[in-house]
Amino acid sequence: MNNKTRNGPGQRGKKQVRRHKQSVMLVSMVVLLLSAMIFFQSVTLQAKKKEYTRQEEELKNQIAEEKERSKEIEEYEAYVQTDEYVKEIAREKLGLVEEGEILFKPAE
């Protein structure tokens, strides 16, 4: 019985130490795997953020261009309602002249 009692607790201790080492190794691997996943997700998110920032700047530029275009349209709309515009169109499209003007046409 002495041999069994000596071998029994000693073997149990070694098994427990081996199991503990395996558990620590397993936990370490899981932590390492999770850390790698978090790192790669971080890199992916940074790339997306950079792309979204670029898109945001592009959209801001488009908004500024459209505001400028809108302003030009409003100015043109105001010009269209003036007498000067009506005279210009009458001359160009209808060939009308004001009193006292002489119209010269090129020979065809």
Side-chain angles (χ1 to χ4, degrees):
M1 246 186 170
N2 277 344
N3 286 341
K4 287 184 180 180
T5 55
R6 266 201 256 159
N7 289 343
Q11 286 180 348
R12 278 191 213 146
K14 287 181 184 179
K15 285 183 181 180
Q16 286 178 348
V17 168
R18 190 178 317 143
R19 283 185 188 161
H20 180 69
K21 284 183 182 180
Q22 288 175 347
S23 297
V24 169
M25 197 64 151
L26 181 64
V27 169
S28 297
M29 293 296 276
V30 169
V31 168
L32 182 64
L33 181 64
L34 288 174
S35 297
M37 289 173 56
I38 290 171
F39 173 75
F40 288 121
Q41 286 294 331
S42 172
V43 170
T44 303
L45 287 175
Q46 287 176 355
K48 283 183 181 180
K49 180 183 176 194
K50 187 176 181 180
E51 175 64 21
Y52 290 150
T53 301
R54 184 194 62 77
Q55 286 180 356
E56 180 182 15
E57 287 301 317
E58 187 177 312
L59 290 172
K60 283 181 181 179
N61 289 337
Q62 287 178 0
I63 288 170
E65 290 172 3
E66 290 300 320
K67 283 182 179 180
E68 182 64 29
R69 185 171 171 252
S70 177
K71 182 179 175 185
E72 289 173 1
I73 290 171
E74 287 173 4
E75 289 172 358
Y76 183 74
E77 189 176 277
Y79 172 68
V80 168
Q81 295 175 1
T82 63
D83 290 338
E84 183 181 329
Y85 175 77
V86 172
K87 288 179 185 179
E88 181 183 327
I89 294 300
R91 287 176 194 238
E92 289 177 8
K93 304 288 180 184
L94 303 174
L96 299 178
V97 292
E98 289 189 29
E99 281 185 38
E101 282 188 325
I102 301 173
L103 182 63
F104 293 100
K105 291 187 178 182
E108 293 182 20

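Since we're looking at a predicted model, the values are computed, not measured. Count residues from 1 along the sequence.
Linking Ile, Leu, Val, Met, Phe, Trp and Tyr whenever their side-chain heavy atoms come within less than 4.5 Å leaves V80 and V86 in two separate clusters. Note on L32 and V24: separate hydrophobic clusters, where clusters join Ile, Leu, Val, Met, Phe, Trp and Tyr whose side-chain heavy atoms are under 4.5 Å apart, directly or indirectly.
Other residues sharing a hydrophobic cluster with L96 under the 4.5 Å side-chain heavy-atom criterion for ILVMFWY residues are L94. Other residues sharing the hydrophobic cluster of I73, ordered by chain and number and joined by side-chain separations under 4.5 Å: none, the residue standing alone.
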Expected list for residues 34-42: side-chain donor-acceptor pairs under 3.5 angstrom, two or more places apart:
{"unit_1": "S35", "atom_1": "OG", "unit_2": "V31", "atom_2": "O", "d": "2.9"}

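Sorted by first then second residue, the salt bridge (charged side-chain N to carboxylate O under 4.0 Å, His left out) pairs that include residues 69-82, not counting sequence neighbours, are E66-R69.
Listed by chain and number, the residues in a side chain to side chain contact (heavy atoms under 4.5 Å, CB included) with E58 are R54, Q62 (sequence neighbours excluded). Residues satisfying the side chain to side chain contact (heavy atoms under 4.5 Å, CB included) test with E65, not counting sequence neighbours, are none. In this structure, the side chain to side chain contact (heavy atoms under 4.5 Å, CB included) partners of E84, at least two apart in sequence or on a different chain, are Y79, T82. Legend: residues meeting side chain to side chain contact (heavy atoms under 4.5 Å, CB included) with V97, ordered by chain and number and at least two apart, are E101, L103. Applying the side-chain hydrogen bond (donor to acceptor under 3.5 Å, both in side chains) criterion to E56, with sequence neighbours excluded, gives no partner residue.
To the nearest 0.5 angstrom, H20 atom NE2 is 7.5 Å from S23 atom OG.
A 4.5 Å side-chain heavy-atom check between T44 and K48 finds at least one atom pair inside the cut-off.
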